[in-house]
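A quick write-up on the structure given underneath.
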2 protein chains.
Amino acid sequence: MFQHAAELTGKKWSAAILLAMQRGADRFSEIRGSVTGLSDRMLAVRLRELEEHALVRRTVIPTVPTTVQYTLTPAGDELIRILQPLVDWAHRWET
Amino acid sequence: MFQHAAELTGKKWSAAILLAMQRGADRFSEIRGSVTGLSDRMLAVRLRELEEHALVRRTVIPTVPTTVQYTLTPAGDELIRILQPLVDWAHRWET
DNA sequence: CGGGATCCAACGCGATACTG
DNA sequence: CAGTATCGCGTTGGATCCCG
């Protein structure tokens, strides 16, 4: 059901995180830095959800200290493009 | 912010209600009847939210007993059309 | 750097019962 | 017909502290 997609993207920060990733943020601290008000915990929780739903892929890079890279999967990439009209809609009708 | 739109449509039943209205349901009991599992309370709550956000207009018709008509505003109508690609996306990627 | 663990207040929403 | 009132519990999400 589409309900899942709507509830997932409707959750606080989810869409903001995806949009940040689309803008090029691919590391934990980059995403957190580009979304104002987002806490460590919520970012971690959301990333796990997005990963479970196969919208985001998590890649550990064995450097010291280890860095982790997050990339959009094809499904995630397509979703974020679909979300764009919604962003435009919000601007058009906002009070 | 578009966050509001995402959170609003992400709430349980919201999108289902809008879709029911697009399919022609314009009275309280019609909407409730066309969305399986939807309770009186949740429909009333959602309709109030949607009305506050100017996606739905509420019109009281002074008959006996009084009937109430719900119609999509231009904003609501546009939103529901924007939501359609999301529905398609969900079908395409669902596991 | 990239998180996990815990605690807790606020919210979401289903069930039930009642109303003009 | 078109709602409102109340209860009760599960879920969310912010704060804080800790870790490899």
Side-chain angles (χ1 to χ4, degrees), chain A residues 1-21 23-53 55-72 76, chain B residues 1-21 24-53 55-72:
Chain A
M1 191 53 160
F2 118 96
Q3 186 67 23
H4 295 114
E7 285 178 2
L8 182 63
T9 62
K11 282 187 175 181
K12 207 166 181 179
W13 306 118
S14 296
I17 290 170
L18 290 175
L19 287 167
M21 291 183 64
R23 287 195 302 267
D26 62 342
R27 289 184 317 182
F28 194 90
S29 44
E30 274 185 342
I31 300 172
R32 189 188 45 204
S34 89
V35 180
T36 51
L38 176 59
S39 68
D40 283 9
R41 194 182 86 89
M42 289 317 301
L43 177 54
V45 171
R46 286 292 170 268
L47 282 174
R48 234 183 301 139
E49 287 177 3
L50 295 171
E51 195 192 353
E52 279 173 19
H53 287 262
L55 302 180
V56 160
R57 187 173 39 246
R58 183 177 186 271
T59 313
V60 178
I61 302 173
T63 51
V64 180
T66 58
T67 60
V68 181
Q69 187 186 27
Y70 292 95
T71 54
L72 290 171
Chain B
M1 194 50 162
F2 115 99
Q3 186 67 23
H4 295 114
E7 285 177 3
L8 183 61
T9 61
K11 283 187 174 181
K12 206 167 180 178
W13 306 119
S14 296
I17 291 169
L18 291 174
L19 287 167
M21 292 183 64
D26 62 342
R27 290 184 317 183
F28 194 91
S29 43
E30 274 185 341
I31 300 172
R32 191 188 43 205
S34 90
V35 180
T36 51
L38 177 58
S39 68
D40 284 9
R41 194 183 85 90
M42 289 317 299
L43 178 54
V45 171
R46 286 292 170 271
L47 283 174
R48 234 183 299 139
E49 288 176 2
L50 295 171
E51 196 192 351
E52 278 173 18
H53 287 262
L55 303 180
V56 161
R57 186 175 38 244
R58 184 178 185 271
T59 313
V60 179
I61 303 172
T63 53
V64 181
T66 57
T67 59
V68 181
Q69 187 186 29
Y70 291 94
T71 55
L72 290 171

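We use all heavy atoms of the structure for the numbers below, so side chains are in, but hydrogens, waters and symmetry mates are not.
Overall bending of the helix from C:dC1-D:dG20 to C:dG20-D:dC1, expressed as the angle between end axes built from five pairs apiece, is 50° (10° steps).
Listed pair A:R58 / C:dG3 meets the phosphate criterion, a side-chain N or O lying under 4.0 Å from OP1 or OP2. In this model, the phosphate group of C:dG4 is approached by a side-chain N or O of A:R48 to a distance below 4.0 Å at OP1 or OP2. When the side-chain nitrogen and oxygen atoms of B:W13 are compared with OP1 and OP2 of C:dG14, one or more of them lie within a distance under 4.0 Å. Dashed line: the shortest gap from a side-chain N or O of B:S29 to OP1 or OP2 of D:dC1 is under 4.0 Å.
Every pair passing salt bridge (Lys or Arg N to Asp or Glu O under 4.0 Å) that includes a residue from residues 2-13 of chain B is listed here, sequence neighbours excluded: B:K11-B:E49. Residues in residues 31-41 of chain B take part in these salt bridge (Lys or Arg N to Asp or Glu O under 4.0 Å) pairs, two or more places apart or across chains: B:R32-B:D40.
Taking each heavy atom of A:A20 and A:V35 in turn, the nearest pair found is CB-CG2, 3.9 Å. The two residues A:M42 and A:W13 make their nearest non-hydrogen contact at CB-CD1, 4.1 Å. Contact between B:R46 and B:S14 at its shortest, heavy atoms only, is CD-OG, 3.2 Å.
By the side-chain contact (heavy atoms from CB on, under 4.5 Å) test, A:R57 pairs with A:T59, A:T71, A:T73, sequence neighbours left out. When the side chain to side chain donor-acceptor pair (under 3.5 Å) test is applied to A:R58, the partners found at least two apart in sequence or on another chain are A:Y70. Partners of A:T63 by side-chain contact (heavy atoms from CB on, under 4.5 Å), not counting sequence neighbours, listed by chain and number: A:I61, A:T67. B:A6 pairs by the side-chain contact (heavy atoms from CB on, under 4.5 Å) definition with B:F2, not counting sequence neighbours.
Comparing A:G10 and B:F28 by the nucleotide of DNA chain D whose heavy atom lies nearest to each, the residue mapping closer to the 5' end is B:F28. Nearer to the 5' terminus of DNA chain C, by closest-nucleotide assignment, is the contact made by A:E30 (compared with the other of A:E30 and B:K12).
To the nearest angstrom, C1' of C:dC1 lies 12 Å from CD1 of A:I61. The distance from atom CD1 of A:I17 to atom C1' of C:dG3 is 14 Å, rounded to the nearest whole Å. Rounding to whole angstrom units, CE of residue B:M42 and P of C:dC11 are separated by 15 Å. Distance B:L8 CG to C:dG12 C1': 14 Å, rounded to the nearest Å. Atom-to-atom, NZ of A:K11 to C1' of C:dG12 comes out at 12 Å; the value is rounded to the nearest Å. Between B:L47 atom CG and D:dC1 atom P there is a gap of 15 Å when expressed in whole angstrom units. As rounded to whole Å, 13 Å separates atom P of C:dC11 from atom CD of B:E7. The nearest whole Å value for the distance from the CG atom in B:L43 to the P atom in C:dC13 is 13 Å.
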Inset, instruction - Spell out protein contact along nucleotides 15-20 of chain C as letters: B when the base is contacted, S when just the sugar-phosphate is, - when no protein heavy atom is under 4.0 Å; keep the 5' to 3' order. - result: B-----
